[in-house]
Amino acid sequence: MSPRLYEFHLPLTPEELLKSGGVNQYVVQEVLPIRNLPSQLRAFQAAFRAQGPLAMLEHFDTVYSILYHFRSIDPGLKEDTLEFLIKVVSRHSQELPAILNDATLSVSDRSAHLNALKMNCYALIRLLESFETCQTSLMDLDLGGKGKKARAKAAHGFDWEEERQPILQLLTQMLQLDIRHLWNHSVIEEEFVSLVTGCCYRLLENPTISHQKNRATREAITHLLGVALTRYNHLLSATVKIIQMLQHFEHLAPVLVAAVSLWATDYGMKSIVGEIVREIGQKCPQELSRDSSGAKGFAAFLTELAERVPAILMSSMCILVDHLDGENYMMRNAVLAAMAEMVLQVLNGDQLEEAARDTRDQFLDTMQAHGHDVNSFVRSRVLQLFTRIVQQKALPLTRFQAVVTLAVGRLADKSVLVCKNAIQLLASFLANNPFSCKLSDTDLAGPLQKETQKLQEMRAKRQASAASAVLDPEEEWEAMLPELKSTLQQLRKLPQEEEIAEEMATTETTEEVKGRIRRLLAKASYKQAIILTREAIGHFQGSEPFCHMDPEELEETRFLNLLGTIFKGPAASTQEKNLQGSAEHMVPGQTNCEDKPNGSEPEKSRERDELVKQGMLVQYLQDAYGFSRKITEAIGIISKMMYENTTTVVQEVIEFFVMAFQFGVPQALFGVRRILPLIWSKEPGVREAVLNAYRQLYLNPKGDSARAKAQALIQNLSLLLVDASVGTIQCLEEILCEFVQKNELKPAVTQLLWERATEKVPCSPLERCSSVMLLGMMARGKPEIVGSNLDTLVNIGLDEKFPQDYRLAQQVCHAIANISDRRKPSLGKRHPPFRLPQEHRLFERLRETVTKGFAHPDPLWIPFKEVAVTLIYQLAEGPDVICAQILQGCAKQALEKLEEKSTPQEDPKETPMISTLLLMNLLSLAGDVALQQLVHLEQAVSGELCRRRVLREEQEHKTKEPKEKNASTETTMEEEMGLVGATADDTEAELIRSICETELLNGKQILAAFVPLLLKVCNNPGLYSNPELCAAASLTLGKFCMISSTFCDSQLRLLFTMLEKSSLPILRSNIMITIGDLTIRFPNLVDPWTPHLYARLRDPAQQVRKTAGLVMTHLILKDMVKVKGQVSEMAVLLIDPVPQIAALAKNFFNELSHKGNAIYNLLPDIISRLSDPEGGVEEEPFHTIMKQLLSYITKDKQTESLVEKLCQRFRTARTERQYRDLAYCVSQLPLTERGLRKMMDNFDCFGDKLSDVSIFSAFLLVVGKLRRGAKPDGKAIIDEFEQKLRACHTRGLDAIEETGQGGSQKTPSARKQSVVSRHQHLASATSDNDFVTPEPRRTAHRHPNTQQRVTKKKPRIVFSSDESSEEELSAELTEDETPKKTTPIRRASTHRHRS
């Protein structure tokens, strides 16, 4: 049979072509072997040249065989086949237009061309898919490797990614022809359309299709499918396919969005958007909550589609609204994002119609509501969307207050992401606010009050004028007549039964009814007025005015005339008569009074406009003031987030404060200053954010010239220094140092600073001082700024005038100090440290300035001389000589003053008196010299000794003989060198220590001369009672103690006596800091006195508690103090009434929680001490403290162990309060099923206590927590535990009712009383005598606790911390060792002795 008589059916699978089908159906006769394929292809090519595209009818088996063996044949053959098939299809598409237009085409020819078309397209498309499959598999094998493209090209001999586009364009060209005429009845079979579009969808499944390099392929696919949609009724199939692909291929959402938006706009297929959205809208929300990948695809598709075609999508939004109530948060985000895009692109502007405005308001309402969504990602997304809306100025002014309130509320959100986006939204509000460039609520309050008062006055004036003016009823009637007519016509059309009856009482008179009708008309209630009038006509037929109805007039006219008569009333008729009369008697030239109102109309209109303008102004000021107040509230919240752990949040906070400062929000300066300490952050992102913030705020000031800019910059930085703390100045110094090192500060700034410092430019003393400060800060980055002008600085601050400006002198010293490196010299540096000779003018001026000011009563002298002494030791050669001269000079002045006061005429028995000022200055100076001498020895001298030793050793190694070098291996040499170096270091350290111990404070040194005087002042606070003198003496004593361990040991008792007994909070605070330093220097000496340090945590003075908290935090976290149960005193600070102290304690426990199991180990002791009836805290504060501390217990093993310990503590607890406290602690633990089993095992410990309602409730709370996260198999044990709880609770209550309270408690209470009395006896053993130095704690082993032995027979749980507490007790509370001062800590520690 001729091939033309066959009919080619498009197969679903290639194998179908091998099977015999229906009558005349084409079947592949033979699959050719691979070796014959090249020759058969050449035969096909020859036939094509002779017959054209119809040659495919005879050679289809060849192409089929190539497809069949595609993976096995030569790549060259594949490429040749593809190239040839492209030619065949291209030729066919060129010939088809003429064939389709041929009216004489026979049925057989038409059938032949149809078969050829189907065969050609089938072969080309299958070849295309084969190449694509092969390429994808190659990419899967070579993911992430380099040169994929080159390898693919080598494998195929061509680049497949470049070949796809021409094939798709060819198929598009083919489909654009009117090929439907080849089919019977001009209806194209669905299989053909599916064949062409199916290859497009398969190409889209390739994950690389979304890459930029495949853009041409994507566009070709889009146009091909667009033709199928418009010409071949592919809409339904495309919709289904797109939905399927979105569910299974995540990469396709942006690709399909681009395609759909193109079809909707360029191809006019808007209906496809509605169809796809309808399919997504009909998806079950519960199903989407399970299918996360599908939901993700739909969400991404909707979001991007809304960005591209929001107007088309808006008509289908009602279908998607149901997903806002679904469980999948991604779908909620997508719908909300679509709403936002419509608000931005479609529903934007002031000229919206009413319906569009309502839609916009509904969208915004929905978004605001989801600002409180249960999912943090949705809340975050809402805030992001509002940020975009605000940035593009699409948010209506009426919404500002509500959205700002939403953002401020979200600042307290638990989610970091939500907080971050809330800050971004508030920053956008600031940047795009329509109110003012300066937002200060204090500045806005005045104008608002003034303009509001003016508006009230204008309204009052208008109301008064309106009341005095007689309203013309005729004018009012004319105004209401049109609306009244339309209402009357509407009522006449309605059936009578539908009218709303206006009831009229039978007792009403005509006048009363007329009054009611008049009032209804005045209120514009026209319908009720007409109905009432109708009823009155029927009721008062013989009464005026209802009876005078002209029958000749139309019914409507008669009715309106009647209403007019009633409304205008007698006043109107009287007015008419008067007007007529006045017109008759008018004199020529006299104007009618009716003209007057017309003349005043423009004035009334102007007043009305002014009132409207004033109302708008007041509304604007109210909005601006409300907005400013909200921003101020936000600043208070945001400033607390500055030290969050999350870097991104901190960066957002910094950016917000910069923007708030630029907009003039007054409280922003507080935030800008709080940013400064973040310069020390370990996070590079935070540090860089701080630097960028100060660049924005200070490095780019406004000004016409470089000098003007420099002046503005210096002025701004000087304002930061006003009232700045030492910490703030250090932070600013670090920032300026960075700017100087990066050359970001212009030379004009340095020049102007020098001009102000040298008074070449007129400036105030404070401005001069701040200039010197800034120069000193800049010298940290570039020492030559100060080093090259050292003499100038000396002349500025240390000139010979008197009295001296000590503030300026102090800043000059600070600036000069920055020219040398203050850090300890490293071994790698071989050059000697920078030092100036003793004879340098700087030291001469410092010595004279300090000595001259010694007797001068200036409070600024003390801080100046401290800086001066530090500078001398830092820069001078032989600084101890210079300082000895200063000390001698000052001491000489003090003796001279003493001699002046002790004249010969006075009684020789009287002790001569020296002024408190001189004594205080002398002791303070001695203390500074002592401390700096110590620092000098341990840093400068020690470093120099080490440097010289290293240089000497290097020199020795250079002079060694080569033989000696080779005698030992290199490794042995390094080891020997390391050993020698370590020994040398120890020798040098020992030398320095011996100097401190034996020389500095002995009789030959100048410092030793001050020791007796110092001890006399400190030991006699009654005689030397001046607070400033006492403070100076105590600080100096601490500095002297730092030098020598022997001297420190002998004076510790005195220091702790002052710490306990001094009535001056500042003195106690200073000594606390001093002892903290001594603890680090001589830990073994201070260790026995540690309880007295903890005691200061309960000091009545706020300042002392804060200092004690800081000192103990540093000591404990640096492991300088052993952490025991006494740390409960730190826990008590968590409930301190001062917020800063409570925050300090919280920070301490946060840091302590990172040190292994520290908190877990301490908890049992803390619980015991805090719940102790004699030294603990109240119940509510106890709950607050324990809630915080137990939040650090997160490990399951710790929880289980703690549960067991707490349960067993019920047996040793003594009071009802302790039972309740233990139960509360158990309820706060994050229990698991294993923890519950521990409780079940120890149920007997607390079962008999469950009669107490609060204890029972606490354990029920545990049950509730366990149920929330319980697995099905674990619910049985929870139920069993609850049943046991309830049974014990009920049984306990019954027992109490039967026996009465107290009867069965006598023996335990008696035992408790004996324990309490023993505690009281131990506590009373202490007295208020002077302190006795405690011995080391190892003596505890020589004094065993006999009470412990007595109670060994009873079952008792002992913690490791319990044992250490008892050792401490026996070590410190023996009669010959106890410090004779009772403290809360001592009382609290004694409760460990239990029976």
Side-chain angles (χ1 to χ4, degrees), residues 1-11 14 16-21 24-70 72-100 102 104-131 157-158 163 166-167 170-171 173-174 177 179 182-183 192 195-196 199:
M1 185 184 284
S2 171
R4 288 171 176 264
L5 300 178
Y6 282 104
E7 185 178 349
F8 184 77
H9 286 200
L10 290 168
E16 287 184 14
L17 289 172
L18 298 173
K19 301 172 185 175
S20 178
N24 294 338
Q25 182 177 339
Y26 182 85
V27 178
V28 174
Q29 300 298 318
E30 179 187 4
V31 177
L32 302 172
I34 294 175
R35 64 178 180 277
N36 296 342
L37 291 178
S39 60
Q40 288 298 322
L41 181 63
R42 286 193 292 273
F44 184 11
Q45 289 169 340
F48 171 69
R49 285 192 291 273
Q51 302 174 27
L54 294 180
M56 175 62 85
L57 297 173
E58 297 175 357
H59 292 274
F60 180 79
D61 288 12
T62 302
V63 178
Y64 183 87
S65 301
I66 290 172
L67 290 169
Y68 187 86
H69 297 296
F70 187 82
S72 306
I73 59 176
D74 183 64
L77 181 61
K78 296 178 187 178
E79 184 183 347
D80 293 343
T81 307
L82 180 67
E83 186 179 346
F84 176 60
L85 281 178
I86 291 172
K87 282 183 184 177
V88 172
V89 176
S90 179
R91 175 90 168 271
H92 203 182
S93 67
Q94 291 167 8
E95 293 179 1
L96 272 176
I99 294 165
L100 292 169
D102 186 2
T104 62
L105 188 69
S106 66
V107 174
S108 61
D109 288 344
R110 181 178 60 76
S111 176
H113 278 288
L114 175 60
N115 284 333
L117 173 68
K118 290 198 281 186
M119 285 180 170
N120 288 335
C121 288
Y122 177 81
L124 182 61
I125 287 169
R126 287 287 173 253
L127 193 61
L128 168 72
E129 290 174 356
S130 298
F131 269 108
F158 70 112
E163 295 291 332
I167 300 170
L170 181 59
L171 290 171
Q173 184 183 342
M174 178 74 75
L177 300 174
I179 56 175
L182 292 176
W183 275 268
F192 182 77
L195 172 72
V196 179
C199 83

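None of these values were measured; they are calculated from a predicted model.
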Subject >> Partners passing salt bridge (charged side-chain N to carboxylate O under 4.0 Å, His left out) against Arg42 (at least two apart in sequence or in another chain) >> reply: none
Original post:
Out of curiosity, Leu85 CG to Ser90 OG, how far, rounded to the nearest 0.5 Å?
Top reply: 12.0 Å
Subject >> Minimum heavy-atom distance Ile125-Val196, with the two atoms named >> reply: CD1-CA, 3.8 Å
**OP:** Carefully, step by step, assess Leu195 and Arg126 under the rule side-chain contact (heavy atoms from CB on, under 4.5 Å).
**Re:** CA-CA 9 Å; Leu195 172 72; Arg126 287 287 173 253; 4.0 Å; yes
**OP:** Taking side chain to side chain contact (heavy atoms under 4.5 Å, CB included) as the test, write out the residues that go with Leu114, two or more places apart.
**Re:** Lys118, Leu182, Trp183
